[in-house]
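Encoded as structure tokens, the structure appears first; notes follow it.
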Amino acid sequence: ERDHLRRGAVYRLLGSRRSPELQFEYNEWETDDSKKRLELSAGSPLYDLLCAPQNGACTYPGKVTLSTNLDYTSHTSSPEFDVATLRSFKVGEYYYEYVRVPCVRLNFFPSAKKVFAGQGNSNKSHPKVMCADPLERIAAEHCCDAGWETPNSVQSQNAKRAQCRYHAERVSFADAHDRCAEVGREQCTAEKQSNSECASWMDLWYSDTSPSKV
């Protein structure tokens, strides 16, 4: 949890470029001001490391590796503490990219959930449905008002992202449930996905359990 604030986390300076270089983004996002980017608050532990001030001005080192876990006891409201991971984000005048830690993902895992991309359909299987590990941060929340279980209901037709902290943010299944609850909605399996500033093309969590098939 919050690997980006733990010892060994690596950050690369992007300069004025907004989009990460080591994670996929569409080229047009670079100049699209509607794409929400997380911005660190001055004075937070990570901000101070990446700013690296000298004589009152940030020096912005090209690469930073955390030598110890960052202490956020007095900074729990900081944006970077409120997310499970980071992509590209703003520090002062420039942007940095978090270099994701390499990891091994198993083909089989317990309590699998479904994820799907794009627009679903309640009357047939979605062509891009697959099983996923609910502990992995690989999909987005999909939130509906109460009553979404009724086919063709207004609630299920108007699903949308809840409150992403930044564009293309991915969360675990549990975090997806919590994000929907924050805005008084429910993590759901809806018939239609609405566009939003959080990226409508992303994989989305289903609400039901996915049966494993071999």
Side-chain angles (χ1 to χ4, degrees), residues 1-5 18 20 23-26 29 32-41 44 46-47 72 74-90 98 111-122 126 128-210:
E1 186 69 14
R2 299 191 183 94
D3 293 337
H4 59 288
L5 302 178
R18 302 177 185 181
Q23 298 186 55
F24 171 78
E25 281 196 4
Y26 291 106
W29 290 7
D32 189 343
D33 292 335
S34 70
K35 307 308 181 189
K36 183 190 299 186
R37 303 286 178 180
L38 189 139
E39 182 172 356
L40 302 193
S41 301
S44 75
L46 183 59
Y47 180 98
Y72 271 76
S74 301
H75 300 274
T76 55
S77 61
S78 298
E80 66 271 28
F81 189 77
D82 190 38
V83 296
T85 190
L86 291 172
R87 290 172 63 85
S88 60
F89 56 94
K90 194 173 185 181
Y98 169 57
S111 304
K113 296 290 184 180
K114 291 179 182 178
V115 296
F116 78 98
Q119 180 171 317
N121 188 309
S122 61
H126 193 280
K128 295 184 179 179
V129 173
M130 65 181 181
C131 292
D133 186 342
L135 300 180
E136 294 285 350
R137 300 185 291 270
I138 58 173
E141 71 272 15
H142 206 197
C143 306
C144 297
D145 294 326
W148 61 269
E149 299 94 334
T150 303
N152 299 314
S153 64
V154 173
Q155 292 89 341
S156 64
Q157 289 285 350
N158 292 314
K160 61 182 180 181
R161 292 291 309 266
Q163 291 184 345
C164 64
R165 293 355 182 207
Y166 56 85
H167 195 74
E169 181 186 16
R170 294 170 174 83
V171 298
S172 67
F173 184 81
D175 285 344
H177 180 276
D178 292 342
R179 287 286 178 87
C180 292
E182 284 179 9
V183 293
R185 310 187 91 197
E186 300 176 2
Q187 170 64 28
C188 61
T189 300
E191 300 163 24
K192 186 176 182 181
Q193 175 197 357
S194 67
N195 294 327
S196 78
E197 64 181 1
C198 299
S200 59
W201 56 269
M202 288 177 59
D203 289 344
L204 302 170
W205 288 108
Y206 262 90
S207 66
D208 57 343
T209 302
S210 174

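Keep in mind that this is a model prediction, so the values were computed, not measured. All values below were derived from every heavy atom in this structure, side-chain atoms included, with hydrogens, water molecules and symmetry-related copies excluded.
- A salt bridge does not link Arg165 to Glu80: none of the charged nitrogens lies less than 4.0 Å from a carboxylate oxygen.
- Heavy-atom contacts from other residues, nucleotides or ligands closer than 6.0 Å to NE2 of His75 number more than 12.
- Closest non-hydrogen pair, Leu86 versus Val83, comes out as CD2-CG2, 3.8 Å.
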Next on the checklist: Assess the residue pair Glu141 and Arg170 against the criterion (salt bridge (Lys or Arg N to Asp or Glu O under 4.0 Å)); give the C-alpha distance rounded to whole Å, side-chain angles, the decisive distance to 0.1 Å, and a yes or no.
Outcome noted: CA-CA 8 Å; Glu141 71 272 15; Arg170 294 170 174 83; over 6 Å; no
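- In the model, Arg37 has a side-chain atom that pairs as donor or acceptor with a side-chain atom of Ser88 under 3.5 Å.
- With rounding to the nearest 0.5 Å, the separation of CG in Leu38 from CZ in Arg87 is 12.0 Å.
- Classification of Lys35 and Glu25 as a salt-bridged pair fails, no side-chain N sitting under 4.0 Å from a carboxylate O.
- Note that OG of Ser172 is 11.5 Å distant from NE2 of His177, once rounded to the nearest 0.5 Å.
- Between the side chain of Tyr47 and the main chain of Glu39, no donor-acceptor pair closer than 3.5 Å is present.
- A donor-acceptor contact shorter than 3.5 Å is absent between the side chain of Ser41 and the backbone of Ser44.
- Val115 has its side chain out of reach of Leu204: every pair of non-hydrogen atoms, C-beta onward, lies at least 4.5 Å apart.
- Side chains of Glu186 and Cys180 form no contact here, defined as non-hydrogen atoms less than 4.5 Å apart.
- Both the sub-6.0 Å distance and the 45° axial angle are satisfied by Lys113 relative to the ring of Phe173.
- A salt bridge links Asp3 and Arg137; the closest N-O separation between the charged side-chain nitrogens and carboxylate oxygens is under 4.0 Å.
- With rounding to the nearest 0.5 angstrom, the OH atom of Tyr72 is 5.0 Å from the CG atom of Leu5.
- For the atom pair Trp205 CH2 and Ile138 CD1, the distance stands at 4.5 Å (nearest 0.5 Å).
- In terms of modelled atom types and a separation under 3.5 Å, the side chain of Trp29 and the main chain of Arg18 share no donor-acceptor contact.
- Pairing each heavy atom of Ser111 with each of Pro134, the nearest pair is O-CG, 3.2 Å.
- When only modelled atom types and interatomic distance are considered, Gln23 and Tyr98 share no side-chain donor-acceptor pair under 3.5 Å.
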